[in-house]
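Ligands are counted one by one from 1 in listed order, and the atoms in each one are counted from 1 as well.
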Amino acid sequence: MRRVLSLENLTLIAIILGIAFGYFFPNGALKLAFIGQIYLALLKMLIIPIVVASIYIAITGLSGKDELKSIGIKAFAYYLTTTALAVSLGLIIFNIFDPGSGASLPTATDHPLPQPQELTLATFLLSFIPSNIFKALTEGAILPIIFFTILFAIASLSIAPSKKETLYNFFDSINDAMMVLAQWIIALTPIGVFFLIGATVGKSGLDPLINLYSYALTVLFALALHGGVVLPAVAYFVGRFNPYRYFLQIKEAPLIAFSTASSSATLPVSIEVAETKGGVDKRVAGFVLPLGATINMDGTALYESIAVMFIANLAGVELSLSQQITIFITATFASIGAAGIPGAGLIMMTLILESVGLPTEYIALIIAVDRFLDMFRTAINVWGDLLGAKIIDSLSRRGSSGHSY
Ligand code: ASP
């Protein structure tokens, strides 16, 4: 009985009941949306202390700069390879199914449109550097916070051992306390998820999904293929572990990612389950997961490539191979630049549309289903991060033929 009523199963039941609640009682679901918001706010409350503490202890807990370099290189190689695989898969699946070809352009939408993004190399690089770390902390600017914490931790490797230990113990204690807090909040997941999903369905109903079904199905099929076959194959061949068994251990995190549509809000849970249930060393999880939640978004990258091609189809624009290559490159960077929050992928898409000369207003054509697809792509984003952590953990264990890092 306890097994049947595990938190993961309760969360799954809450998702299904939440959809029914939002569909049949939209007004009630919208009125009670604040309960889901409370749960989300509680999760978000933990993000900054967990990111700072976990990255700090991950780096200073390693045996030295060489080990950090080795894990860092593996992490970036994993992020880039899997993102590239995701975008390629999106483009291939799109070219096979070709949704929306021959359709005429629907009329305008009443949804507010995201503002076009500008991304030059200079703004991209500058966006990493916090000129004022306290401003970055209060604004919750995750990428600059990560950048600062990594440098701060690397600098700490060079200070006197006793001082280094003081700092390590300080951040390690913060981390432990945050993990206890995370467990308390995670216990509330089924309630939070029920109201979050209820409000999402209550707001737009299920009609948009039906109207844009060929597009939505193409995205979902490609996401399923990436999350169910491509990523597990990487895990199996590179990490040499059973990815499906690992999924069953950590499934609470993708479920929460699905319900919140936010990789960042899911981060406290991802770290918790990777360490306690997935057996990932905390120095690897503490480094790979916060970074991954911010820059490794396979689901988003895949989704953007399909969405842009779909928009081109609806607009009757034939995209050449070189334009598809441009999409490949910009979608990769757009997914790196997208924040781990709901709808971030949609905002970054303006950048890809501009790169191939499509008007950004065309986003209006797909905005109605964005939130639904966001839930699925976020679940794949988080699943990709968790697999990455496990793969790098197994590689490091094998490399050092033991548990010492
Ligand atoms: N919601 C996604 C995430 O948090 C980002 C996106 O909009 O694609 O991972």
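- Contacts between Val382 and ligand 1, counted as non-hydrogen atom pairs separated by less than 4.0 Å, are absent for every part of the residue.
- At the shortest separation from atom 9 (O) of ligand 1 among protein heavy atoms lies Ser263 OG, 2.4 Å.
- Listed for the Asp385 side chain is no donor-acceptor partner under 3.5 Å among the backbone atoms of Leu289.
- Between Arg377 and ligand 1, at least one pair of N/O atoms sits closer than 3.5 Å.
- For the ligand labelled ligand 1, residue Ala338 lies outside the 4.0 Å heavy-atom shell.
- Ring orientation note: the planes of Phe152 and Phe171 are nearly perpendicular, at an angle over 60° on the 30°/60° scale.
- Of all protein heavy atoms, the one closest to atom 2 (C) of ligand 1 is Thr378 OG1, 3.2 Å.
- Side chains of Lys44 and Ile47 form a contact here, defined as non-hydrogen atoms less than 4.5 Å apart.
- Side-chain contact of Ser335 with Glu304: a donor-acceptor pair under 3.5 Å is absent, judged by distance alone.
- Salt-bridge annotation for Arg377 and Asp370: present, with a side-chain N of the basic residue lying under 4.0 Å from a carboxylate O of the acidic one.
- Of all the heavy atoms of Ala261, the ones lying under 4.0 Å from any atom of ligand 1 belong exclusively to the backbone.
- Residue Thr300 approaches ligand 1 through these ligand atoms, each under 4.0 Å from one of its heavy atoms: 5 (C), 6 (C), 8 (O).
- On a distance-only criterion, Leu346 and ligand 1 share no N/O pair closer than 3.5 Å.
- Of the protein's non-hydrogen atoms, the one nearest atom 1 (N) of ligand 1 is Asp374 OD1, 2.7 Å.
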Working for side-chain contact (heavy atoms from CB on, under 4.5 Å), residues Thr260 and Leu196: CA-CA 7 Å; Thr260 58; Leu196 278 175; 3.9 Å; yes

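- Lys74 and Ser70 form a side-chain donor-acceptor contact under 3.5 Å, judged by distance and modelled atom types alone.
- Ring pair Phe21/Phe194 is parallel by interplanar angle, where below 30° counts as parallel and above 60° as perpendicular.
- Looking at ligand 1, you won't find any N or O of Ala339 less than 3.5 Å from one of its N or O atoms.
- The distance from ligand 1 to the heavy atoms of Gly343 drops below 4.0 Å at these ligand atoms: 7 (O).
- Looking only at heavy atoms of the protein, atom 6 (C) of ligand 1 is closest to Gly345 N, 3.2 Å.
- Ring-plane geometry between Phe247 and Trp383 is classed as perpendicular, the angle between the planes exceeding 60 degrees on a 0 to 90 degree scale with a lower cut at 30.
- Every atom of ligand 1 with a heavy atom of Asn381 under 4.0 Å away is listed here by number and element: 2 (C), 3 (C), 9 (O).
- Residue-ligand proximity, Ala344 to ligand 1, at heavy-atom distances under 4.0 Å covers atoms 7 (O).
- Close approach of ligand 1 to Ser262 is summarised as follows: ligand atoms under 4.0 Å from at least one heavy atom of the residue are 4 (O).
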